[in-house]
Q: 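Got a structure for you, written out below as structure tokens; questions coming shortly.
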Protein chains: 2
Amino acid sequence: LLSVSSLVCCSADEDVDEPNLSRSFSLRYEPDHGGAVGSSQDTRLHVFTVDYDYVQIPYEVTLWILLASLAKIGFHLYHRLPRLMPESCILIAIGALVGAIIFASDHKSPPVMNTSIYFLYLLPPIVLEEGYFMPTRPFFENFGSILWWSVLGSLLNSFGIGLSLYGVCQIEAFGLTDLNLLQNLLFGSMISAVDPAAALVVFEEASVNEQLYMMIFGESLLNDGITVVLYNIFIAFTQMHRYEEIESIDVFAGFARFFVVGLGGVLFGIVFGFVSALMTRFTHNVSAIEPLLVFMFSYLSYLSAETLYISGILAMTACAVTMKKYVEENVSQNSYTTIKYFMKMLSSVSETLIFMFMGVSTVGKNHEWNWAFICFTLLFCLIWRTLSVFALFYISNKFRTYPFTFKDRLIISYSGLRGASSFSLAFLLPVNLFPRKKLFITATLVVIYFTVFIQGITIGPLVRYLDVKKTNKKESINEEIHMRLMDHLKAGIEDICGHWSHYQLRDKFKKFDNKYLKKILIREHQPKSSIVSLYKKMEIKLAIEMAESGMKISKSSTAASQSGRNRHVHRLSPAEVESMRDVLAHNLYQVRHR
Amino acid sequence: LLSVSSLVCCSADEDVDEPNLSRSFSLRYEPDHGGAVGSSQDTRLHVFTVDYDYVQIPYEVTLWILLASLAKIGFHLYHRLPRLMPESCILIAIGALVGAIIFASDHKSPPVMNTSIYFLYLLPPIVLEEGYFMPTRPFFENFGSILWWSVLGSLLNSFGIGLSLYGVCQIEAFGLTDLNLLQNLLFGSMISAVDPAAALVVFEEASVNEQLYMMIFGESLLNDGITVVLYNIFIAFTQMHRYEEIESIDVFAGFARFFVVGLGGVLFGIVFGFVSALMTRFTHNVSAIEPLLVFMFSYLSYLSAETLYISGILAMTACAVTMKKYVEENVSQNSYTTIKYFMKMLSSVSETLIFMFMGVSTVGKNHEWNWAFICFTLLFCLIWRTLSVFALFYISNKFRTYPFTFKDRLIISYSGLRGASSFSLAFLLPVNLFPRKKLFITATLVVIYFTVFIQGITIGPLVRYLDVKKTNKKESINEEIHMRLMDHLKAGIEDICGHWSHYQLRDKFKKFDNKYLKKILIREHQPKSSIVSLYKKMEIKLAIEMAESGMKISKSSTAASQSGRNRHVHRLSPAEVESMRDVLAHNLYQVRHR
């Protein structure tokens, strides 16, 4: 199925080498344009005519998305395949196949993925989904460790890999002496951007303990932003290096940049998040556009931040985290479902497209092979990842109530998969500053392929083999009430002790939230107590699940239906069912009333 | 709120005159590009930098969509406003305001709506939503009348208006003698494209009888396609007219074109619909991408048809109608909700944007005012609409069991509102063939403004005043069973009489569908009987409504809660509630089993 569909799509793609953007945006019936109007040589009216230029851009985008969807469907058709290897492997392979077909058919490099497309259109849905579905509580409970690990880890990896490679470049036998220190540092920052999406999928399946999961999750969230900033700083330094000396003030400016980019992004996101939450207060008559507000405001926060060279990733994450709580209380149940599912759909498509484009871009003439550089890059990536994990967690464990075990640290260091961000940063390099760009691209691709294929396939078995500590959490009203009691208790004890920590902080924020924010951002007549609203949310979830169960049973229990299962089924008159429904609805009402 | 928000958005938009597409697609860090990298004059590293070009396109699109959403929210904030006038009035007014601000600030015409954007991106969501939510049964029951009215009505209006205006142009005092017959006919075809979306909203609110509703619905569905074909044929003729004589073979080719475009579009759509239905059979493990398949396949059908100059509107409608039935049975409940709500959201945004762009384009120097031409256009539009309605329905009433009353016909002729399609067709005109394009644009805008503002505001009161026949239909199992019984009966009677009509046809199709199509397109283990599946669907709908009612009551009944309403509420132990839930779920299961 897959190869056939890719062939079909390719044949439609082949006659397109480089999308001629300006031309396809022109009007359809303008005089300089052929088609139905007819050129001056042939003015007869035709019954059939073809005009591909006109629809080229949306047509190709649609075809790529469909190809990606078909690849995904094909991958999941045989249920054992997803357990053997991560989806990304198959997608890259299909992409490479498509790239090879394009390359074979017109003997030139296939159109590589445009990096502005990656940063403007493909990355935001993934970031939004990650931010929106981030489990807020565990994230902020482990916030110190996450920040410590992701910021220092990225810095340590970037400088470690960069400096070690610079050392290797000094050996004349390898033919790499033209690479200077700055170029190596830049490459180090580029190659240390990890993309642990594949690892997260494995963790979720194996339901590993929450703090390990949050560590990798937090890294995936913050790491991209940090490496992009480092990369930009190094590019700027390289540019300056050609004209003048780098002074110490520049290095300080670099540091200042780091903070502006990070904190500015978060601030931006919070402001946009509050504005969008405020907007959803007034949509009770136009609930159709509620999902739109969520998507557009978070995208706007991303774009605005990017315009100011502030971290769009952090802005969008902060925006999603901020708005989520209030938006969910305001919007209708159907909008809520639409937001959730459409977000998941968009991010899954983006991910699929990125991996496929990565495969496509592998084929071509963009490569320069140098055994020494590539092997050492791979080696240093592995070494510095392991080193930084063990060093940083050794320190952070001293401050933690539940330290990370040896197994946890092993898993974290093994989950350093590289992905689309390294790849697109490599393609972004300006050739005039980096004459050996092709070598960087090749090395990056090798590292990505190695980590995705070898580590990606083996991480699942490794987690199962090491048997890391597991949790199985389930939401319930009871647990929620107890958790709140404990929170209040801990905040009170801290108050008495005079010790000031995150329990106090959370307590303060909750009071502020109840007193001011909720009043401004949430619609009137919503339930006052959050316990009641949680109960209501779970009730709705249950009702939908119950209604769906009829469908699910009918799908799965054809074998079971032969047995006498329906003996236990009571027969109910419609009146009885009606009265029950009434009672249930009123019960819900009563709880709210309390 | 509105004027403030539009001002805010405008100030961000003002510094953009014409989107420079090719530039913004360039890479961000390329050497010819300033920004963070720093140009050669200023290579110091900055803590702050701005780069707007990079994000221009998505930024402006996002801002426009947000402005449209805010306008919508503001319009519905005061609940009496939507009852006084259609939304489109306000949107056009806001658009005109924005256009005036842009025009005032830099003294040149604001960027007019690009027609390829209209046909490629704004129109498809509206068409898809109309097709997908089309009530299939009443549409096909009135199919003959709909086809008769929309095809002949469009032709009659186009030629009528065109020829009458040509007559007016012969009077030398008006200064219109340079307009030849073909140009007038083209203008006639352009101006007869009605957009009765506003009328449909009024009809839905007043719940007028089904056959009247279906007439206007069918017209809105087919009319666009017909006028676009006519328009293209006339453009081609005008082009040919410059070089050579139009021969009779060309007129025949024009007729052939008419059928190719129409039937080809429908055929295209059906094929794409079946393919996408088949695809959703295999998505049980990747339900996240189910909505995507629906959207992408229907869009692909539209684009493919447009490439071949076949009616994309008809293709997309046919695709949506074909796939709907099978897709709904295959996909999960959440995907179903997402498809439905996202479709509604997209089409509502498109509609809003179109009206706003129309307002924006009003302001500027694109106009030429000629009292005679504009007044006669308006007059002929009204006269020919009324004439064609009364003439065509007089004939079709002779073949109908339930004829259209005088009131019905009056309402149909009054609901001929012009909208975005006339407007964008006017902007599409090639200037070299139509030297007086500006006059055509002005006349079109006047007709649109007149029909939208005067007729749009008065049609609601008119429907209420005339008190047209109403229906209130409610879906129930009982009704469905009786309707099927009647269908079988009627088909049987026809069989005995030897008379062959649409009951027979439907019966044949249903048998074919059950025997072959359903087996191929719908997943295994789905319920066999469609009555059971209908029951299940309604059960799920009820469950969700019940769950939501808790939220709705809490919103509306703050006043009522003071009264002793909760006296009637039974207190239930959790165990009781649990058992009820079990009973309800099993009951559902039992019905399926039967």
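In the text below, chain A, chain B and the rest are named by the order of the sequence lines, each starting its count at 1. Basis for what follows: all heavy atoms, side chains included, without hydrogens, waters or symmetry-related copies.
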Q: Among Thr352(A), Val349(A), Val61(A), Thr338(A), single out the residue with the greatest number of heavy-atom pairs under 4.5 Å to chain B.
A: Thr338(A)
Q: Taking only residues two or more places apart in sequence or in another chain, which ones pass side chain to side chain donor-acceptor pair (under 3.5 Å) with Ser276(A)?
A: none
Q: What distance separates Met345(A) CE from Ile339(B) CD1, expressed to the nearest 0.5 Å?
A: 9.0 Å
Q: Rounded to the nearest 0.5 Å, what separates atom CZ in Phe342(A) from atom CZ in Phe295(B)?
A: 6.0 Å
Q: Determine the option with the most heavy-atom pairs under 4.5 angstrom with chain B, choosing from Pro58(A), Ser348(A), Ala288(A).
A: Pro58(A)
Q: To the nearest 0.5 Å, what is the distance between OH on Tyr59(A) and CG on Leu300(B)?
A: 4.5 Å
Q: If you take all heavy atoms of Val286(B) and Lys72(A), which pair is closest and at what distance?
A: CG1-O, 4.2 Å
Q: Find the one option among Ser304(B), Ser335(B), Ala68(B) whose heavy-atom pairs under 4.5 Å with chain A are most numerous.
A: Ser304(B)
Q: Where on Ser69(A) is there a heavy atom nearer than 4.5 Å to chain B: the side chain, the backbone, both, or neither?
A: both
Q: Could you tell me the separation between the CD atom of Gln56(B) and the CG atom of Leu120(A), rounded to the nearest 0.5 Å?
A: 11.5 Å
Q: To the nearest 0.5 Å, what is the distance between OG1 (Thr337(B)) and NZ (Lys340(A))?
A: 11.0 Å
Q: When only pairs under 4.5 Å are counted, which of Thr283(B), Ile289(B), Leu346(B) shares the most heavy-atom pairs with chain A?
A: Ile289(B)
Q: Quick check: do Tyr341(B) and Pro291(A) have side-chain heavy atoms less than 4.5 Å from each other?
A: no
Q: List for me each residue that meets side chain to side chain donor-acceptor pair (under 3.5 Å) alongside Ser347(B), sequence neighbours excluded, and say none if there are none.
A: Glu129(B)
Q: Using side chain to side chain contact (heavy atoms under 4.5 Å, CB included), reason through Leu66(A) and Leu293(B) one step at a time and then give a plain yes or no.
A: CA-CA 7 Å; Leu66(A) 269 181; Leu293(B) 286 177; 4.1 Å; yes
Q: Between CZ of Phe282(B) and CD1 of Ile73(A), what distance do you get to the nearest 0.5 Å?
A: 9.0 Å
Q: Which one wins on heavy-atom pair count under 4.5 Å against chain B: Phe259(A), Tyr302(A), Tyr299(A)?
A: Tyr299(A)
